[in-house]
Amino acid sequence: MDKFYFRHQFEEIAAKRNHLKPVYVAYGLMNSGKSSLLNMLTNNIEVEFFKTNDIRETTENKEFDGERCIFIDTPGLDANHQDDTQAASGVRQADIVLFVHQPQGELEANEISFLQTLVSSFGEHASKHIVIVLTKMDKEDAMKIDAIARRIGEQCESELNFLPSIFKVSNSRYRAGKLKSQEVLVERSSIPELLVHLESLAAKAMSSRRRRMQDEVSTLLDAIGLAEQKLHGEKLHLQAQISQGFIGFNQQIGQLRAFLDTKASFFERI
Ligand SMILES: Nc1nc2c(ncn2[C@@H]2O[C@H](COP(=O)(O)OP(=O)(O)O)[C@@H](O)[C@H]2O)c(=O)[nH]1
Ligand SMILES: [Mg+2]
């Protein structure tokens, strides 16, 4: 940890202060339906804003600056570990995280480990900031999806000590409903329900953001204090080493001086 690290940390915290709107970030495995979900939530129904079916070529996040909120799409968690670390560093920008999962089964190990990062980042208020969204409910039997949702709830509770809200949605059904003006499909997609929940979270997001930033700043100041102490210790150690190194040198100089004095007195006597 050097001064560049600390400066970067401060800049990340400061960047968040600049967003005046709540920031939603979608995370999840590749192909889980993140980009499709964000297109629905941002009302990009006919023409997609977030590219779906994307072959993961870049690790860049993509941002939609809406009237009242900002939505950020991320590339996906499973390509390689390096990118997961990068994704995790973006967690600071998020007020609300949509953790997207396609319900073929329960949460996988790398999903749990990323959720762990998220839960620790939000601390005791994690449930107000992280929403688990199960997509593609049109593809599976409702009973099966209910069972998976229950299992995921258990995994979060037992492995992360975290009780999330879990929504089951269908992006395709919502899209079809909107395009054909079929309200029944729209309702049955459960996206409207999710939107209401997200709005209620956004209302509280700004005050939480202030509290989180204060926590982050004090954690950072503590880390700087520790680094300062460590440097001070290293300085004392170096000083001791240097003076230790001089002992031999001083002895040699002393011997030389004594020798020269003897020689000088010898010459004086001549
Ligand atoms: N049947 C169905 N397919 C979906 C749904 N959401 C996304 N998909 C499809 O799943 C694939 C991956 O979606 P995408 O949004 O690109 O996933 P991402 O990699 O997580 O961003 C695409 O072919 C989407 O059309 C859904 O709710 N139902
Ligand atoms: Mg995508």
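Residues take their numbers from the sequence shown, with the count starting at 1. Every heavy atom of this structure was used, including side-chain atoms; hydrogens, water molecules and symmetry mates were not.
When all heavy atoms of Pro103 and Leu134 are compared, the pair lying nearest together is CG-CB, 4.3 Å. Closest of all the heavy-atom pairs between Ile191 and Met40 is CD1-CB, 4.4 Å. Contact between Asp95 and Phe122 at its shortest, heavy atoms only, is O-CE2, 3.8 Å. When all heavy atoms of Ile132 and Cys156 are compared, the closest pair comes out as CD1-SG, 3.8 Å. Shown here for Met30 and Pro75, the closest heavy-atom pair between the two residues is CG-O, 4.3 Å. Residues Leu37 and Val133 come closest through the heavy atom pair CD2-CG1, 4.0 Å.
Hydrophobic clustering (ILVMFWY, side-chain heavy atoms < 4.5 Å, transitive): Val119 and Ile152 are in one cluster. When hydrophobic clusters are built by joining Ile, Leu, Val, Met, Phe, Trp and Tyr residues whose side-chain heavy atoms come closer than 4.5 Å, directly or via intermediates, Leu29 is not grouped with Leu98. A single hydrophobic cluster is not seen to contain both Ile145 and Phe167; linkage of ILVMFWY side chains at heavy-atom distances under 4.5 Å, directly or through other members, places them apart. Residues Leu160 and Phe114 share a hydrophobic cluster, clusters being chains of Ile/Leu/Val/Met/Phe/Trp/Tyr side chains in contact below 4.5 Å. Residues Val23 and Leu118 share a hydrophobic cluster, clusters being chains of Ile/Leu/Val/Met/Phe/Trp/Tyr side chains in contact below 4.5 Å.
Hydrophobic cluster of Leu163: no remaining members, since no ILVMFWY side chain lies below 4.5 Å from it.
A donor-acceptor pair is defined here as one N or O able to donate and one able to accept, closer than 3.5 Å; no such pair exists between the side chain of Arg173 and the backbone of Val186. Not one N or O on the side chain of Asn44 forms a donor-acceptor pair closer than 3.5 Å with the backbone of Phe49. When atom types are taken as modelled, the side chain of Thr52 and the backbone of Glu48 share no donor-acceptor pair closer than 3.5 angstrom. A donor-acceptor pair is defined here as one N or O able to donate and one able to accept, closer than 3.5 Å; no such pair exists between the side chain of Ser181 and the backbone of Gly177. Of the possible donor and acceptor atoms, one in the side chain of Ser120 sits under 3.5 Å from a partner among the backbone N and O of Gln116. Side chain of Lys128 to main chain of Ile96: no donor-acceptor pair is present (N/O by atom type, distance under 3.5 Å, no hydrogens or angles). In terms of modelled atom types and a separation under 3.5 Å, the side chain of Ser32 and the main chain of Gly28 share no donor-acceptor contact. Between the side chain of Glu108 and the main chain of Ile112, no donor-acceptor pair closer than 3.5 Å is present.
Between the CG atom of Leu260 and the OG atom of Ser265 there is a distance of 10.5 Å, given to the nearest 0.5 Å. Atom CG of Leu195 is separated from atom OG of Ser200 by 11.0 Å, given to the nearest 0.5 angstrom. Between atom CG of residue Asp215 and atom CG of residue Leu220 there is a gap of 12.5 Å, rounded to the nearest 0.5 Å. Within the model, atoms NZ of Lys136 and NE2 of His101 stand 10.5 Å from one another, a figure rounded to the nearest 0.5 Å. If you take CG on Asn39 and CZ on Phe50, they are separated by 6.5 Å, rounding to the nearest 0.5 Å. Annotation: the span from Lys34 atom NZ to Thr135 atom OG1 amounts to 9.0 Å, rounded to 0.5 Å.
For the side-chain contact (heavy atoms from CB on, under 4.5 Å) test with Lys230, the passing option among Glu234, Glu228, His232 is Glu234; the others fail.
Side-chain atoms of Ile45 and Asn43, non-hydrogen and from C-beta on, do get closer than 4.5 Å to each other. A heavy-atom distance below 4.5 Å is not found between the side chains of Tyr174 and Ser172. Residues Val25 and Ile70 form no side-chain contact, since every pair of their non-hydrogen atoms from C-beta on lies 4.5 Å or further apart. No side-chain heavy atom of Tyr27 sits less than 4.5 Å from a side-chain heavy atom of Val100. Looking at heavy atoms from C-beta onward, Leu41 lies in side-chain contact with Leu198 at the 4.5 angstrom threshold. Looking only at side-chain heavy atoms (C-beta outward), Ser127 and Phe162 come within less than 4.5 Å of each other. Inter-residue side-chain proximity for Leu194 and Ser189 is flagged as unmet; no heavy-atom pair is nearer than 4.5 Å. Side-chain atoms of Asp261 and Arg257, non-hydrogen and from C-beta on, do get closer than 4.5 Å to each other.
Sorted by first and then second residue, the side-chain hydrogen bond (donor to acceptor under 3.5 Å, both in side chains) pairs with a member in residues 142-155 read Glu106-Arg151, Glu106-Gln155, Glu140-Lys144, Asp146-Lys168, Arg151-Glu154; sequence neighbours excluded.
You'll find the ring centres of Phe71 and Tyr24 inside the 6.0 Å limit.
For the residue pair Ser35/Asp73, the side-chain donor-acceptor check at 3.5 Å is satisfied.
Remark: Asp138 engages no residue in a salt bridge (Lys or Arg N to Asp or Glu O under 4.0 Å) (not counting sequence neighbours). Partners of Phe249 under the ring pair (Phe, Tyr, Trp, His ring centres under 6.0 Å) rule, at least two apart in sequence or in another chain, are Phe246. Residues passing the side chain to side chain contact (heavy atoms under 4.5 Å, CB included) test with Gln104 are Gln102, sequence neighbours excluded. Residues meeting the salt bridge (Lys or Arg N to Asp or Glu O under 4.0 Å) test with Glu193, sequence neighbours left out: none.
By the 6.0 Å contact criterion, CG on Asp222 is enclosed, its count of non-hydrogen atoms from other residues, nucleotides or ligands being greater than 12.
Asp65 has a carboxylate O that lies under 4.0 Å from a charged side-chain N of Lys21, or vice versa, which qualifies the two as a salt bridge. Here Arg175 does not pair with Glu46 in a salt bridge; the nearest charged N to carboxylate O distance is not below 4.0 Å.
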